[in-house]
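Report on the following structure.
Hydrogens, waters and symmetry mates play no part in the numbers below; they use all other heavy atoms, side chains included.
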Amino acid sequence: MTDAPPWIGGVTIGTLFLSAAVLITYTLLPLPGQESLGDLNYVVAGLLFAGHITFTRLYRTRLARPASGSSPHRPGHDPDGAGPSAKPSRPEPSDAPAE
């Protein structure tokens, strides 16, 4: 996900931390209003965590994938890092030893 917009990281980490914060505050030190929700706090935390996983998977499978028929790599980008100079060259027929 190196080509992802910067807000993707904020959304994914935010939903993950928010779900953890709901669980931690409810179990250790309930905030005002959390006690009235009771066990629904676990449902809220579960939904936030499920939203985190769903958003991440949807982004990786649908949004980050290029359109069909287009090159999966940027123009001029060599994903292997092997440019034309790094590839082995074949010997010319005139370089072959004579028998």
Side-chain angles (χ1 to χ4, degrees):
M1 290 181 33
T2 58
D3 295 335
W7 60 268
I8 296 292
V11 169
T12 57
I13 296 300
T15 55
L16 183 65
F17 284 174
L18 192 58
S19 64
V22 168
L23 286 176
I24 290 170
T25 57
Y26 178 64
T27 55
L28 298 178
L29 182 64
L31 297 173
Q34 277 186 315
E35 291 177 348
S36 64
L37 288 176
D39 289 340
L40 285 177
N41 287 295
Y42 295 115
V43 174
V44 169
L47 288 174
L48 285 169
F49 186 69
H52 161 74
I53 292 176
T54 303
F55 179 76
T56 305
R57 298 224 177 189
L58 282 175
Y59 182 79
R60 285 186 182 187
T61 58
R62 293 199 179 122
L63 299 178
R65 198 177 282 179
S68 62
S70 66
S71 173
H73 306 293
R74 292 177 297 209
H77 176 69
D78 190 6
D80 299 329
S85 61
K87 294 181 181 175
S89 62
R90 294 184 182 174
E92 295 295 322
S94 62
D95 293 341
E99 291 183 32

Can you tell me how far the CD1 atom of Ile13 sits from the CG atom of Leu18, to the nearest 0.5 Å? 12.5 Å

Is there a side-chain contact (heavy atoms from CB on, under 4.5 Å) between Thr15 and Phe55 once you walk through the steps? CA-CA 10 Å; Thr15 55; Phe55 179 76; over 6 Å; no

Non-hydrogen side-chain atoms of Tyr59 and Ile8 separated by less than 4.5 Å: yes

Using atom types as modelled, flag every donor-acceptor pair under 3.5 Å from a side chain in residues 39-50 to any protein atom, sequence neighbours excluded.
residue : atom : partner : partner atom : Å
Asn41   : ND2  : Gln34   : O            : 2.8
Asn41   : ND2  : Gly38   : O            : 2.8

